[in-house]
**Q** 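Here you go, one structure.
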Amino acid sequence: MNTHIRQIAVIAGLVFGTVSAQAQVATDWNGSAGTLTWSQLAVETLNVGSMKVYSFGDTVAYPTVTPDNTYDSIAVGIPSTGAQWLPAEGTPNQLLSWQTAGGFRIDAPPVLGVSSGGSVTVSNLDVNFATGQVSATVLAGNSGTSTRSVIWTFDSSVVQVSTDASPQWPSLHNVSIDIPVLSLTHSGQSLLASGLNLQYLGGLTLQVSGDNYASLTINGTLLGPADFTVAVVPEPATWTLMGLGLVGLAGLSRARSRQACAESV
């Protein structure tokens, strides 16, 4: 019985020890910066309401405007304030999360059927590759009351990581991380809709663009090996199977204990 208990303890330690080890590692990724690019659907949503996008904090906005004074494309450059890594010998270094301080602001003028006028500021992004979530601080209007919430989600398994094949210095590598699709969460849609005071048409167009609202590309320079990937959270089925395995081991241990007691009697 003691042998089986030790086996269970070892497996549980491996599972939960890995999670706690990830949370304890923190290494800054200096010099990195991200570019948040609105999807074409999101750009059309902004054009419907004659909305304007501005940079906020230490960021730079890159809008392109058509001859009729509507947006053709929108991108915002956001510098990083840090990142968390999980370095491991013999395996690729894993990027767990990446943070920013700045962000963007959207102003919506009064447009009949779209918006009664409002504004939203989104800043302090935290991109969590292990969970596929992007948290941000959202300020609606000029009320001074901000909300911290997960506003986008993404699929970590489709995140693309690339490094330069022939770096100028052997240990200095340019790294690019591309998140092709950021989808608005229900909370993100609610915060944008309420801050911009969207009416029926405005809310409808926001919902249409919600599944593909933006993309994010992160560029930076790493000193060290180019062996690198992003963390991917295990599928729920994996955790379920692992839990069932632990339960099975516990049941086996209990059954063998009862059998041993019966034989001794």
Side-chain angles (χ1 to χ4, degrees), residues 29-83 95 97-109 118-129 132-139 150-156 158-164 174-185 188-189 191-192 195-196 198 202 205-206 208-221 230:
W29 183 16
N30 295 323
S32 62
T35 302
L36 184 70
T37 305
W38 271 251
S39 70
Q40 196 58 45
L41 282 174
V43 171
E44 291 173 3
T45 298
L46 295 170
N47 286 334
V48 166
S50 300
M51 303 179 199
K52 300 298 179 184
V53 176
Y54 304 94
S55 58
F56 177 79
D58 193 15
T59 63
V60 180
Y62 303 101
T64 57
V65 182
T66 63
D68 61 352
N69 204 31
T70 60
Y71 285 125
D72 185 56
S73 65
I74 305 172
V76 177
I78 312 175
S80 172
T81 57
L95 177 62
S97 61
W98 180 84
Q99 295 82 33
T100 77
F104 60 89
R105 175 187 172 103
I106 302 176
D107 284 349
S119 66
V120 166
T121 302
V122 179
S123 61
N124 301 319
L125 273 62
D126 186 342
V127 182
N128 191 318
F129 292 97
Q133 297 178 331
V134 181
S135 302
T137 301
V138 181
L139 175 64
V150 176
I151 62 170
W152 290 303
T153 58
F154 61 93
D155 185 353
S156 295
V158 300
V159 173
Q160 301 172 0
V161 180
S162 59
T163 60
D164 46 358
N174 295 319
V175 176
S176 178
I177 304 168
D178 181 46
I179 304 175
V181 175
L182 292 175
S183 300
L184 274 174
T185 62
Q189 289 190 36
L191 289 170
L192 290 179
L196 298 172
L198 298 184
T205 54
L206 180 62
V208 170
S209 64
D211 289 339
N212 183 10
Y213 191 83
S215 62
L216 177 64
T217 300
I218 304 171
N219 295 303
T221 303
V230 296

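Because the structure is a prediction, the values reported are computed rather than measured. No hydrogens, no waters, no symmetry mates; every other heavy atom, side chains included, goes into these values.
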**Q** Val120 and Gly195: which non-hydrogen atoms are nearest, and at how many Å?
**A**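 For Val120 and Gly195, the tightest heavy-atom pair comes out as CG2-CA, 3.5 Å.
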
**Q** Which distance, rounded to the nearest 0.5 Å, do you find between the CD1 of Ile177 and the OG of Ser32?
**A**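 Answer rounded to 0.5 Å: 8.0 Å.
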
**Q** Check Thr163, Thr221, Asn219 against Asn174 for a side chain to side chain donor-acceptor pair (under 3.5 Å) and give me the one that passes.
**A**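 Result for side chain to side chain donor-acceptor pair (under 3.5 Å) with Asn174: Thr221.
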
**Q** Over all heavy atoms of both residues, which pair between Gln40 and Asp72 is shortest? Give the atoms and the distance, please.
**A**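 Taking every non-hydrogen atom into account, OE1-O, 3.7 Å.
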
**Q** Within this structure, what is the OG-CZ distance for the pair Ser119 and Arg105, rounded to the nearest 0.5 Å?
**A**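 Going from the OG atom of Ser119 to the CZ atom of Arg105 covers 4.0 Å.
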
**Q** I'd like to check Trp98 versus Leu125 (side-chain heavy atoms, cut-off strictly below 4.5 Å). Are they in contact?
**A**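 Trp98 does not reach Leu125 side chain to side chain.
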
**Q** For residues Thr45 and Val208, determine if any side-chain heavy atom of one lies less than 4.5 Å from a side-chain heavy atom of the other.
**A**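 No - every pair of side-chain heavy atoms lies 4.5 Å or more apart.
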
**Q** Side-chain contact, heavy-atom cut-off 4.5 Å: Leu216 with Val134?
**A**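 Heavy-atom side-chain distance check fails, nothing below 4.5 Å.
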
**Q** To the nearest 0.5 angstrom, please state how far the NZ atom of Lys52 sits from the CD1 atom of Ile106.
**A**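 Between Lys52 NZ and Ile106 CD1, I get 12.5 Å after rounding to 0.5 Å.
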
**Q** Under the side chain to side chain donor-acceptor pair (under 3.5 Å) rule, collect the residues that match up with Trp152, sequence neighbours excluded.
**A**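 By the side chain to side chain donor-acceptor pair (under 3.5 Å) rule, Trp152 matches no residue at all.
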
**Q** Working to the nearest 0.5 angstrom, can you tell me the gap between Asn47 CG and Thr205 OG1?
**A**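 It comes to 10.5 Å.
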
**Q** Using modelled atom types and a 3.5 Å cut-off, is there a donor and acceptor pairing between side-chain atoms of Ser156 and backbone atoms of Phe129?
**A**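 Yes, Ser156 side chain to Phe129 backbone: donor-acceptor pair under 3.5 Å.
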
**Q** Can you name the closest pair of heavy atoms from Ile151 and Ala136 and give their distance?
**A**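 Distance-wise, the nearest heavy atoms are CD1-CB, 3.7 Å.
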
**Q** Hey, mind stepping through Ser123 and Thr137 against side chain to side chain contact (heavy atoms under 4.5 Å, CB included) and telling me if it holds?
**A** CA-CA 5 Å; Ser123 61; Thr137 301; 4.1 Å; yes

**Q** Check whether the side chains of Thr64 and Ser73 place a donor and an acceptor atom closer than 3.5 Å, and report yes or no.
**A**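 Yes, Ser73 and Thr64 have a side-chain donor paired with an acceptor closer than 3.5 Å.
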
**Q** Would you say Thr100 and Thr59 make side-chain contact, with heavy atoms under 4.5 Å?
**A**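 Thr100 does not reach Thr59 side chain to side chain.
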
**Q** Decide yes or no on side chain to side chain contact (heavy atoms under 4.5 Å, CB included) for Leu206 and Leu196, but give the supporting numbers first.
**A** CA-CA 11 Å; Leu206 180 62; Leu196 298 172; over 6 Å; no

**Q** Write down the atom of Ser135, the atom of Val150, and the distance for their closest heavy-atom approach.
**A**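 Answer, listing the atom of Ser135 first, then Val150: OG-CG2, 3.6 Å.
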
**Q** At what distance, to the nearest 0.5 angstrom, does CE of Met51 lie from OG1 of Thr70?
**A**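 It comes to 13.5 Å.
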
**Q** Do Val181 and Asp155 have side chains that get closer than 4.5 Å, going by heavy atoms?
**A**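 No - every pair of side-chain heavy atoms lies 4.5 Å or more apart.
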
**Q** How many angstroms lie between CD in Gln189 and CG in Leu198, if you round to the nearest 0.5 Å?
**A**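 If I round to the nearest 0.5 Å, the distance is 10.5 Å.
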
**Q** Please name the pair of heavy atoms, one in Val76 and one in Gly103, separated by the smallest distance, quoted to 0.1 Å.
**A**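 Of all heavy-atom pairs spanning Val76 and Gly103, the closest is CG1-O, 3.7 Å.
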
**Q** Answer yes or no: is there a donor N or O on one side and an acceptor on the other, between the side chain of Ser183 and the main chain of Asp211, under 3.5 Å?
**A**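 Judged by distance alone, yes, a pair lies under 3.5 Å.
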
**Q** May I ask you to test the Tyr213-Leu192 pair for a side-chain heavy-atom distance under 4.5 Å?
**A**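 Contact flag for Tyr213/Leu192 side chains = yes.
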
**Q** Does Val158 reach the side chain of Pro180, with side-chain heavy atoms less than 4.5 Å apart?
**A**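 Yes, at least one pair of side-chain atoms sits under 4.5 Å.
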
**Q** Please find the pair of heavy atoms, one from Ala61 and one from Ser55, that lie closest to each other, and give the distance.
**A**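 Nearest pair, atom of Ala61 first, then Ser55: N-CB, 3.7 Å.
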
**Q** Could you please spell out the steps behind the side chain to side chain contact (heavy atoms under 4.5 Å, CB included) verdict for Val122 and Phe56?
**A** CA-CA 8 Å; Val122 179; Phe56 177 79; over 6 Å; no

**Q** Can you check whether Thr35's main-chain N or O pairs, donor with acceptor, with Tyr62's side chain at less than 3.5 Å?
**A**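 Such a contact is absent between Tyr62 side chain and Thr35 backbone.
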
**Q** Does a side-chain heavy-atom distance below 4.5 Å link Asp126 with Ser97?
**A**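 In contact.
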
